[in-house]
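For this chain, numbers begin at 1 and follow the sequence in order.
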Amino acid sequence: MMAEGKVIEPIKVALIAVGGDGGGVLTQWIVQLASKNGYWAQSTTIAGVAQRTGSTVYYLELFPEAAIPMIEGKKVSPVLAQMPAPEDVDVVMATELIEAGRAIQRGFVSKKTTLIFSTHRNLAIQEKEKPGDGILDGTSIFELSRKYAKTSVYANLKELADNNKSVISATLFGALAASNALPFGVEQFENTIKEGGVAVPTSLAAFKAAFGLVGLGLSAKEATPYVPELKPAVFDQMPETTQSKKLNEVLAEIRTYFPVQTHSVIFAGVKHVLEWGNVSWAMEYVNKLKRFAEIDKRHLDKQSQLTQSVARYLALAMAYDDLVNVADIKTRKERWETVFGQVGAKKGEIVKTTDYFHPRFEEVFGFMPVKLGRKLEKSESAQRFFTKYLDKDRRMNTHNVFWFTILYTIGGMKGYRKKTLRHAEEMANIDGWFDRLNKVVEVNYDLAVQLARTYRLKKGYGDTYARGHSKFKMLNEFVMKHQAINGIEHEVSKLIDYGLKNHEAEQLQGQIALVEAEIENRSENSINQ
């Protein structure tokens, strides 16, 4: 727009937010901030379905009212754009790391742009569905932000918001204030939150925390890339507890029996197993590991690699997913706190939830006592009954007292689960795995470590579990068949990685066939020579 012969550009702001991140609230704050401090403000919303519930682009243009020309004594409404144009955005904000990458990819970020984003991740469906670690590597986004943006401001704004019992919109607002990208003072930002009248104390606390962090310059210097794998807690950070004498016995057993380099992974395993079961189950986990600690005493140069690998995956094996575990997770207090936070529910508001279930026949008879479960497993009439009456999608309104009570009751059946067919089968799987490990380690220690890793393929429940178990069996058969071959551990490692990256069991089966054909060719060539 022309004013006194000069072209005056509006301030252009783009916010990329995921559902539940408070993008609408942040947009309203910026509009109110501008409108009350001498700017004409326009905002538009461009919905999308890029990932999860869909990322949305909120676009704002702020034009100084003093520069709006007068015609016949009236100000003319400025004509502003309704969506961002490539390389023509002054401020880009993203509520999540990969969304910042998307903004760069779409050309919103240029050398005129202040880029503000959080380093945490909300995983996309394509990341979650991978059998192994399918999390995208976001480390390059930090370098791209420094390369393409005029200024980059980033930190874990989600964690900062959570620490102040607020949402990420408040910490983004604080980072925006500290970046000096808009012509407003910090008091004007704070007044905007106060005048909004909603969750003012917590929003202000989160705003000030982010403003202080960015103001000190820590966000750009000390923010670290997203690390997908949780670091196990340091064992020594677990002090003696006055709450459980038995738990203290478990901790003492780890300290006295196992070498120091194994403590952190065993402690992480104990925490996982303890959450699934009880202290006695955690002690059983520790006792099962002792045989591998004894083996590692004969291989001191290996730094207890076998014990550490078995500890990691035995915890998963002993805390398998079943109906009890799923029901327990869905009825925990922290799950409901997360749901209420995601939808932005205020105190006293009612939130309705619908959970989806579709149990397979194997899960139904697996929940029965061992003898009854084995009988039903082979019963054609039971299969027909299941197919006719139970093999259907179930959408349970878990905000309803009836359905919540059912789930809560199932989730509390931790003692009963050890009497079920599913539990007997899982324990048999562990015993067979241990027997194979004991045999292989006498032939090839490094191969035994890889054999321990094969249990990583087993995960989840339902069809996911069935595929993973099938892959696990394939690789275990492959190991036992070819254990005497020199260097076979390298092939097994590659096959594990292949199985984790590829969804279907048939894909791994085909890859195993190719490897076996190569082994056979090498053997024939060796004989001919």
Side-chain angles (χ1 to χ4, degrees), residues 1-19 21-50 54-95 99-100 102-117 148-153 168-170 172-186 188-189 191-193 195-196:
M1 182 172 287
M2 297 290 293
E4 298 180 357
K6 297 180 180 179
V7 177
I8 298 179
E9 290 282 337
I11 300 171
K12 300 162 186 176
V13 181
L15 165 64
I16 296 92
V18 179
D21 281 340
V25 172
L26 180 54
T27 300
Q28 291 176 9
W29 278 344
I30 297 173
V31 169
Q32 292 169 9
L33 171 68
S35 299
K36 293 199 173 185
N37 292 283
Y39 277 75
W40 178 287
Q42 172 185 288
S43 68
T44 56
T45 303
I46 307 165
V49 289
S55 59
T56 299
V57 177
Y58 300 87
Y59 182 61
L60 304 96
E61 291 202 355
L62 317 177
F63 194 86
E65 291 185 355
I68 299 176
M70 303 283 287
I71 298 179
E72 297 181 355
K74 294 182 180 180
K75 286 189 174 182
V76 179
S77 300
V79 178
L80 305 176
Q82 296 188 343
M83 63 184 298
E87 300 189 9
D88 191 28
V89 185
D90 299 294
V91 181
V92 172
M93 292 184 288
T95 61
E99 293 300 345
R102 293 181 196 275
I104 296 171
Q105 184 182 45
R106 295 170 72 173
F108 293 161
V109 178
S110 67
K111 284 303 178 182
K112 70 176 291 185
T113 306
T114 296
L115 176 60
I116 305 170
F117 62 94
Y148 289 101
K150 179 181 71 174
T151 304
S152 294
V153 174
I168 195 171
S169 54
L172 270 172
F173 202 47
L176 176 62
S179 71
N180 293 318
L182 297 183
F184 310 112
V186 63
Q188 293 168 313
F189 277 85
N191 288 337
T192 300
I193 295 176
E195 291 167 2

Taking [X] for the side chain and [Y] for the main chain, is one N or O donor matched with an acceptor at less than 3.5 Å?
X: Gln188; Y: Gly185; answer: yes
X: Asp90; Y: Val13; answer: no
X: Lys111; Y: Ala149; answer: yes

Leu176 vs Phe189, side chain to side chain contact (heavy atoms under 4.5 Å, CB included): CA-CA, chis, key distance, verdict:
CA-CA 9 Å; Leu176 176 62; Phe189 277 85; 4.1 Å; yes

[X] versus [Y], closest heavy-atom pair with distance:
X: Phe108; Y: Thr113; value: O-OG1, 3.5 Å
X: Tyr59; Y: Glu61; value: OH-OE2, 2.5 Å
X: Phe184; Y: Ala34; value: CZ-CA, 3.9 Å
X: Ile11; Y: Pro183; value: CD1-CD, 3.6 Å

Option among Tyr39, Phe173, Tyr58 that satisfies the side-chain contact (heavy atoms from CB on, under 4.5 Å) test with Ile30
Phe173

Ring pair (Phe, Tyr, Trp, His ring centres under 6.0 Å) partners for Tyr148, two or more places apart
none

Within 6.0 angstrom of Lys36 NZ, more than 12 heavy atoms from elsewhere:
no

Can you find a heavy atom in the side chain of Asp88 that is under 4.5 Å from one in the side chain of Lys12?
yes

Within the 4.5 Å heavy-atom criterion, are Pro84 and Val92 side-chain neighbours or not?
no

Pair up each side-chain donor or acceptor in residues 63-70 with any protein partner under 3.5 Å, not counting sequence neighbours, and list the distances.
none

